[in-house]
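All heavy atoms count here, side chains included; hydrogens, waters and symmetry mates do not.
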Amino acid sequence: MESEQLYHRGYCRNSYNSIASASSDEELLDGAGIVMDFHTTEDDNLLDGDAASRGSNYTMSNGGGGPSSSTHLLDFLEEPIPGVGTYDDFHTIDWVREKCKDRERHRKINSKKKESAWEFTKSLYDAWSGWLVVTLTGLASGALAGLIDIAADWMNDLKEGVCLSAMWFNHEQCCWTSNETTFAERDKCPQWKSWAELILGQAEGPGSYIMNYFMYIYWALSFAFLAVCLVKVFAPYACGSGIPEIKTILSGFIIRGYLGKWTLMIKTITLVLAVASGLSLGKEGPLVHVACCCGNIFSYLFPKYSKNEAKKREVLSAASAAGVSVAFGAPIGGVLFSLEEVSYYFPLKTLWRSFFAALVAAFVLRSINPFGNSRLVLFYVEYHTPWYIFELLPFILLGVFGGLWGAFFIRANIAWCRRRKSTRFGKYPVLEVILVAAITAVVAFPNPYTRQNTSELIKELFTDCGPLESSQLCQYRSQMNGSKAFTDNPNRPAGPGVYSAMWQLCLALIFKIIMTIFTFGLKVPSGLFIPSMAIGAIAGRIVGIAMEQLAYYHHDWFLFKEWCEVGADCITPGLYAMVGAAACLGGVTRMTVSLVVIVFELTGGLEYIVPLMAAVMTSKWVGDAFGREGIYEAHIRLNGYPFLDAKEEFTHTTLARDVMRPRSSDPPLAVLTQDDLTVEELQSVINETSYNGFPVIVSKESQRLVGFALRRDITIAIENARRKQEGILLNSRVYFTQHAPTLPADSPRPLKLRSILDMSPFTVTDHTPMEIVVDIFRKLGLRQCLVTHNGIVLGIITKKNILEHLEELKQHTEPLVTSPDAIITVGTVNFLVKPCRIQNNVQLVSYHIDEPEPSATKTNILHPQGSN
């Protein structure tokens with residue numbers, strides 16, 4: 001019903017004609033459209049004229065000419081024109097056009113499926129192609145995640161030693177089959193040798209410690225150097241977490257190559273190296289990027305998705321759910337993460353397919369069993385102690401800490417990244433990575449809680465003390481003999497090991513906070529989930545132990561008297577670590593529902609949802625008090641991506657005329673007339689400007705709107721007409737009307753461009769409130785909107801204009817007449833976007849639809865500023 005309404009309202013018009021464009025899998029969203037024939041055969045003609053040689057006697061009138069002329073008209077749009085309907089790099093797709101193309105494709109398939117068995121089979125294949133592509137994406141995501149987990153664990157242990165019996169075993173696997181391990185030293189076995197034992201022949205002593213220290217730094221620097229070099233040389237887009245770019249891509253922006261084969265390959269390899277180097281980063285965020293690369297590549301196998309940008313983004317939404325599913329072992333949380341955090345357009349069928357992709361990915365990862373514990377994640381824990389109402393107070397305090405940490409981290413990290421972009425320091429990414437890796441390795445090695453893998457640290461902090469635990473955190477004194485042995489009495493005084501661990505955890509907390517600020521944003525794959533969770537888990541474990549000891553020594557207080565009698569099991573420090581981890585991650589990302597579901601899927605219990613919800617909501621409220629942007633939205637704004645955040649409210653009272661271009665002090669808007677331009681005049685406007693589209697009006701006197709023509713489509717149509725038909729000269733008349741104008745008999749062959757004209761562009765009046773305009777752009781995904789007054793075109797509003805206006809309102813400044821130079825960063829490349837300059841021989845000024853075309857490097861509109 002919706003499609004029929006849109007069709008009758010004119011959304012699916014002849015202006016949406018497009019065709020397939022040959023492109024490699026490496027190019028992100030270089031798809032194409034499908035020809036839609038909603039008009040008569042005569043409307044399809046690109047060239048109207050006599051097929052005879054130039055100079056023959058013929059007459060064309062508004063009535064379409066006589067029979068002889070129509071016989072000789074060459075209809076070039078009966079076949080698709082390569083390139084029409086596609087998008088350039090760093091441009092925004094037209095969601096309305098893409099949805100119309102998909103509806104028309106679906107209508108054609110349904111109309112033909114009863115004609116033959118082959119057509120019916122094709123219709124079944126089309127219907128099931130969505131499930132096939134998400135199945136392949138889930139399989140690939142799960143397999144790559146398992147491979148990354150296994151390789152990262154092995155290379156991380158390689159910094160400390162090697163397994164002589166099997167080089168491919170990590171430390172834990174090496175000692176599985178050993179009969180010479182003890183309970184207290186279960187990680188020591190003859191098969192595993194440290195580097196000091198291999199090189200010096202001794203396992204203890206100062207020399208052994210220094211040798212292990214040196215080898216730890218050597219391997220950390222080697223892994224970091226190799227990772228940054230691979231990213232810099234082969235795939236600049238493989239750096240970072242990828243989630244800000246994924247959010248921008250899913251909103252309709254095009255970044256070619258960001259989800260290509262090279263990016264997938266290099267990101268997979270360098271993610272292992274970056275995690276193994278010991279940098280304060282995680283692999284969970286980049287796994288979303290890896291999964292989206294798989295979804296993009298597999299979508300090229302199915303024309304339904306390869307030829308439609310909006311449909312392809314449905315696959316990418318499902319792929320992001322699969323990425324979180326394998327990152328945390330949380331399929332449901334992955335679906336909610338895709339819905340809440342990254343997806344821009346999320347119909348119901350995408351929800352089902354996202355769920356299925358997350359299910360397949362989790363099943364594959366569980367089959368691989370990379371951690372050897374029959375779980376999807378390393379730090380899976382279960383608690384057997386309930387929480388009590390008085391514990392809500394420390395849980396809320398952990399939420400406050402998480403919100404403060406999130407606000408501080410966002411401001412500090414954005415300030416450092418901005419400094420990196422604006423100073424010469426950003427021009428040396430390899431040196432920066434080596435420097436940060438060296439500082440991390442030197443400071444981390446002496447502290448066992450910073451030396452070990454961050455996931456293993458979170459596992460140890462989450463785990464509750466029991467008879468099988470030998471960690472320092474579980475070395476409590478026995479009430480009977482004063483030893484450090486663990487007893488069954490849950491209320492026990494902390495021993496020296498616990499106090500020592502508390503000091504080490506405090507130092508680790510400070511270290512993680514500082515290094516995470518400088519690490520996130522390096523030119524290596526770097527996720528933020530695990531470092532944030534580690535910071536929260538450390539803080540939570542410290543608070544949990546403090547509450548435990550408080551309950552032991554002051555069990556007669558009114559808070560503990562009812563629940564914490566002698567022998568009562570009331571405080572679980574591991575639970576506080578879990579709540580703190582969720583609070584800190586929520587403070588940084590501002591996630592709520594999906595984060596709670598992810599964390600309780602990690603623990604395997606529903607009993608602790610209320611503490612998690614209280615901490616996560618508190619962290620969000622506290623963080624929002626300092627700024628409503630999460631870290632991903634902040635990086636999107638820092639990099640200059642055209643992203644309209646649906647969470648941001650527009651509360652100002654400006655009108656469309658206040659935001660449209662051109663402004664009162666600017667020259668008039670550049671327009672094309674429908675039937676009195678020549679090819680030379682049209683090419684002159686295109687060559688001397690860098691604008692992406694032009695309104696088409698009746699005449700210079702009338703100024704009434706006819707439609708909208710894209711620069712790219714005009715250029716391609718002219719080139720195609722010259723290539724396929726002789727007689728197109730510089731003085732050939734160009735017309736956008738249904739019928740050709742009356743021309744002299746000796747006139748050259750005219751060029752008809754009506755079929756590339758958008759006959760139903762979105763328009764608003766000059767008195768439309770900007771609140772409504774912003775909602776239209778958000779909900780319909782528009783690229784531009786024309787502003788009219790009584791049918792006369794006054795100006796245009798683009799997504800870029802809205803973003804600039806929102807930024808101006810945030811800063812409480814007067815709107816600028818011309819935009820300053822803006823730097824757009826994608827991967828490791830900065831692009832300088834300069835404001836438009838008025839050409840001397842162009843009568844009117846035009847505008848940008850979104851970002852300048854990459855091809856405009858010839859006119860110095862968009863050019864690389866440098867690699868950093």
| said: Set out, in order, the CA-CA distance, both residues' side-chain angles and the distance that settles salt bridge (charged side-chain N to carboxylate O under 4.0 Å, His left out) for Glu633 and Lys247, then state yes or no. | reply: CA-CA 9 Å; Glu633 290 80 12; Lys247 285 173 65 83; 3.2 Å; yes
| request: Taking ring pair (Phe, Tyr, Trp, His ring centres under 6.0 Å) as the test, write out the residues that go with Trp219, two or more places apart. | output: Trp195, Phe223
| said: Going by the rule ring pair (Phe, Tyr, Trp, His ring centres under 6.0 Å), which residues pair with Tyr216 if we only count those two or more places apart in sequence or in a different chain? | reply: Phe445
Checking [X] side chain against [Y] main chain: does a donor-acceptor pair fall under 3.5 Å?
X: Ser619; Y: Cys584; value: no
X: Ser338; Y: Gly334; value: no
X: Asn447; Y: Gln504; value: yes
X: His289; Y: Gly323; value: no
X: Ser367; Y: Phe363; value: yes
X: Ser277; Y: Ala274; value: yes
X: Glu601; Y: Gly333; value: yes

| task | Please determine which of Leu264, Thr263, Thr270 meets the side chain to side chain contact (heavy atoms under 4.5 Å, CB included) test together with Ile266. | result | Thr270
| field | With Phe225, the side chain to side chain contact (heavy atoms under 4.5 Å, CB included) member among Val524, Leu273, Ile434 | value | Ile434
| query | Which pairs with one or both residues in residues 204-215 pass side chain to side chain donor-acceptor pair (under 3.5 Å), sequence neighbours excluded? | reply | none
How many angstroms lie between [atom1] in [X] and [atom2] in [Y], if you round to the nearest 0.5 Å?
X: Phe337; Y: Ile243; atom1: CZ; atom2: CD1; result: 4.0 Å
X: Ser222; Y: Met215; atom1: OG; atom2: CE; result: 8.5 Å
X: Ser594; Y: Phe328; atom1: OG; atom2: CZ; result: 10.0 Å
X: Glu245; Y: Ile636; atom1: CD; atom2: CD1; result: 8.0 Å
X: Trp154; Y: Phe169; atom1: CH2; atom2: CZ; result: 12.5 Å
X: Ile246; Y: Leu259; atom1: CD1; atom2: CG; result: 4.5 Å

| message | The criterion is side-chain contact (heavy atoms from CB on, under 4.5 Å); which residues satisfy it with Ile631, sequence neighbours excluded? | response | Phe409, Ile410, Asn413, Phe520, Leu528, Val588, Thr589, His635
Smallest separation among heavy atoms of [X] and [Y], with atom names:
X: Ala508; Y: Thr450; value: CB-CG2, 3.5 Å
X: Lys267; Y: Val290; value: CG-CG2, 3.9 Å
X: Pro525; Y: Ala238; value: CG-O, 3.4 Å
X: Gly207; Y: Leu200; value: O-CD1, 3.5 Å
X: Pro331; Y: Ala358; value: O-CB, 3.7 Å
X: Lys523; Y: Val228; value: O-CG2, 3.8 Å

If we only count heavy atoms from C-beta on, is the [X] to [Y] side-chain gap below 4.5 Å?
X: Val597; Y: Phe600; value: yes
X: Ile249; Y: Ile255; value: yes
X: Phe511; Y: Thr440; value: yes
X: Leu461; Y: Leu505; value: yes
X: Ile269; Y: Leu226; value: no

| message | Applying disulfide bond (SG atoms under 2.5 Å apart), can you list everything that pairs with Cys229, at least two apart in sequence or on another chain? | response | none
| Residues Leu279, Ser526; criterion side-chain contact (heavy atoms from CB on, under 4.5 Å); working and verdict | CA-CA 9 Å; Leu279 290 168; Ser526 55; over 6 Å; no
| field | Residues in salt bridge (Lys or Arg N to Asp or Glu O under 4.0 Å) contact with Glu340, at least two apart in sequence or another chain | value | none
| Ile150 vs Ile368, side-chain contact (heavy atoms from CB on, under 4.5 Å): CA-CA, chis, key distance, verdict | CA-CA 10 Å; Ile150 294 173; Ile368 297 175; 4.1 Å; yes
| message | Would Ile530 and Ser455 count as a side-chain contact (heavy atoms from CB on, under 4.5 Å) here? Give the steps. | response | CA-CA 7 Å; Ile530 288 298; Ser455 296; 4.2 Å; yes
| task | Could you check Asn296 against Leu316 for side-chain contact (heavy atoms from CB on, under 4.5 Å), going step by step and ending with a plain yes or no? | result | CA-CA 7 Å; Asn296 177 67; Leu316 298 181; 4.0 Å; yes
| remark: Partner of Glu432 under salt bridge (charged side-chain N to carboxylate O under 4.0 Å, His left out), picked from Lys232, Arg424, Arg419, Arg420, is Arg420
| query | Is the closest side-chain donor-acceptor distance between Ser280 and Thr519 under 3.5 Å? | reply | no
